[in-house]
There are 2 protein chains.
Amino acid sequence: MGRWAVATERRRGEALIRAIHEAVLAEVVDAGLGQLTMEGIARRAATAKTVLYRRWATPFELLIDALGEAYPVEVPTPAADNLRTDLIAALTLLTDWMVTPAATAVMAITSERGRYPELAEALWDKVFDPRGGTFTTTVLRWYAARGRLDPARLTPITTQIGEALVFKLAIDNARTPSAEEVAAIVDEALLPALGL
Amino acid sequence: MGRWAVATERRRGEALIRAIHEAVLAEVVDAGLGQLTMEGIARRAATAKTVLYRRWATPFELLIDALGEAYPVEVPTPAADNLRTDLIAALTLLTDWMVTPAATAVMAITSERGRYPELAEALWDKVFDPRGGTFTTTVLRWYAARGRLDPARLTPITTQIGEALVFKLAIDNARTPSAEEVAAIVDEALLPALGL
DNA sequence: CCAATAAGCTACGCATGCGTATCTAATGGG
DNA sequence: CCCATTAGATACGCATGCGTAGCTTATTGG
């Protein structure tokens, strides 16, 4: 603050970094990867560019840091002893996650993977790889391991049906699927493909 | 060209516009929507900015024009009198389309719909709306209309299974699904959901 | 309470995109 | 074959992001 600064509380350390992490995610949501700039992030975080450059060399580096912090995502734990219910729960976990800024950023990186390969790679190395299966897969494996589901039905295709349809509906309708739509995905697509 | 220009063939009218259309699509593929600039398009088309501004006010306007030109996409015509074969043909049409520059641009616009709503709207108004159903839907309706398929099975979910999985695999693997994967989508997900 | 640390401000030269103006010269219709 | 049309070149002032330098000043551990 300049010469005539009034008393302010100056953020430091953790609190400052948290604010910057929030800012970079918000910037990606609003402006997109292609418009992500140190200037923009600094402006939104209400801090100085110098503060950013002291810690991160590029906006992407900062973004990966923020995403690493925003993780991990909750993992579905089969609890209902009912496949249908647990699948719906897993996909609901997905739709809940999709509305977060971190998820928007992850999906942006994924859909621009060809454009920013280093970014996608860093995301996988630092964030995804450490974590195991995806949403429905966790549930499906659990039931298959207990003989409640034919393991032969768990293919690279069938394990993706739930997530694929959630994403497709989200794109087509510009909003995450409703509870009814999630249930329909399970009932009309997923369970039939599992032979149930 | 400047003072020391050698003899060149100067493009005019149609040929020039075609070159510019190609250039804007290539720019979107390489640089992305967020980096789409008149400068970049002009550079790639090897023409002057003034030429662009004479016809289009913004890069997005130019892009929509180019997409309108790149369309229409081929429509699946059920021909095999075999549902499975025709579904595979329809999805293959989709995977073939997905590798074109126009498709990459369309998918970029779709996935950044929230960021550039006017662009998405223009795309739908000028390009998609005029056209009817999507890839598999066309086939499914054809068979349902002829009583070869239970119409009750054609829901907003089931009609999207094929496209949803093609997109999901494409995103996950950073390449369009192979012929085997397309067949697996039909056999393991689509046909079971249709009750077959 | 003091000194080390780090946040915050300002300003810089450079690069790039903007949208426009002004010129030149290639092209093709009449 | 001429001349209206228009592609193409160049340059402009403006804005914004870059990455760095230099400073002032709030904060806090000792």
Side-chain angles (χ1 to χ4, degrees), chain A residues 1-24 26-66 112 115-116 118-119, chain B residues 1-24 26-66 112 115-116 118-119:
Chain A
M1 344 235 136
R3 197 182 256 285
W4 299 276
V6 290
T8 58
E9 332 162 354
R10 183 177 283 188
R11 296 161 302 182
R12 285 171 80 99
E14 282 298 303
L16 177 61
I17 290 181
R18 244 182 293 115
I20 294 172
H21 281 167
E22 275 171 38
V24 68
E27 276 291 299
V28 174
V29 171
D30 279 16
L33 285 180
Q35 297 287 335
L36 193 63
T37 66
M38 286 299 212
E39 298 259 358
I41 299 164
R43 206 180 301 130
R44 188 183 291 260
T47 188
K49 273 194 296 176
T50 42
V51 173
L52 301 185
Y53 278 110
R54 268 169 210 149
R55 294 180 212 269
W56 301 281
T58 66
F60 286 173
E61 211 174 282
L62 169 45
L63 173 59
I64 289 291
D65 241 43
E112 303 203 53
R115 212 122 48 214
Y116 312 105
E118 352 73 51
L119 188 55
Chain B
M1 337 238 146
R3 200 181 255 283
W4 300 276
V6 289
T8 57
E9 331 161 356
R10 184 177 279 190
R11 297 160 302 182
R12 286 171 79 100
E14 280 299 303
L16 177 60
I17 290 182
R18 243 182 294 115
I20 294 172
H21 281 168
E22 274 171 39
V24 67
E27 274 291 300
V28 173
V29 171
D30 280 15
L33 284 180
Q35 296 288 334
L36 193 63
T37 65
M38 287 300 213
E39 299 260 358
I41 299 163
R43 206 180 303 130
R44 188 184 290 261
T47 188
K49 275 194 296 176
T50 42
V51 173
L52 302 186
Y53 279 109
R54 268 170 209 147
R55 295 178 210 268
W56 302 280
T58 66
F60 286 173
E61 209 175 284
L62 170 46
L63 173 58
I64 289 293
D65 242 41
E112 304 203 53
R115 211 122 50 215
Y116 311 106
E118 352 73 52
L119 189 54

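Just so it is clear, the values below take in all heavy atoms, side chains as well, and ignore hydrogens, waters and symmetry mates.
- Considering CG of Leu63(B) and CG of Leu33(B), their distance stands at 6.5 Å, rounded to 0.5 Å.
- The CG-C1' distance, from Leu16(A) to dT28(D), rounds to 15 Å in whole Å.
- Across the protein-nucleic acid pair, Phe60(A) atom CZ and dG19(D) atom P stand 12 Å apart, rounded to whole Å.
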- Message: Leu62(B) vs Arg55(B), test: side-chain contact (heavy atoms from CB on, under 4.5 Å). Steps then yes/no.
- Response: CA-CA 8 Å; Leu62(B) 170 46; Arg55(B) 295 178 210 268; over 6 Å; no

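- Residues from residues 35-56 of chain A lying near DNA chain C, meaning a heavy-atom separation below 4.0 Å, are Thr47(A), Ala48(A), Thr50(A), Val51(A), Arg54(A), Arg55(A) in numerical order.
- Ring pair Phe60(B)/Tyr116(B) is perpendicular by interplanar angle, where above 60° counts as perpendicular and below 30° as parallel.
- In this structure, Asp30(B) CG and Arg115(A) CZ are separated by 8.5 Å, a value rounded to the nearest 0.5 Å.
- Residues Ile41(B) and Arg44(B) are not in side-chain contact: their nearest non-hydrogen atoms beyond the backbone lie 4.5 Å or more apart.
- Following rounding to the nearest Å, Ile17(B) (CD1) and dT6(D) (P) show an atom-to-atom distance of 11 Å.
- When rounded to the nearest whole Å, the span between CZ of Arg10(A) and P of dT28(D) equals 11 Å.
- The CZ atom of Arg12(A) sits 11 Å away from the P atom of dT5(C) (whole-angstrom rounding).
- To the nearest 0.5 Å, atoms OG1 (Thr37(B)) and CG (Leu52(B)) are separated by 10.0 Å.
- An OP1 or OP2 oxygen of dG8(D) is reached within less than 4.0 angstrom by a side-chain nitrogen or oxygen of Arg11(B).
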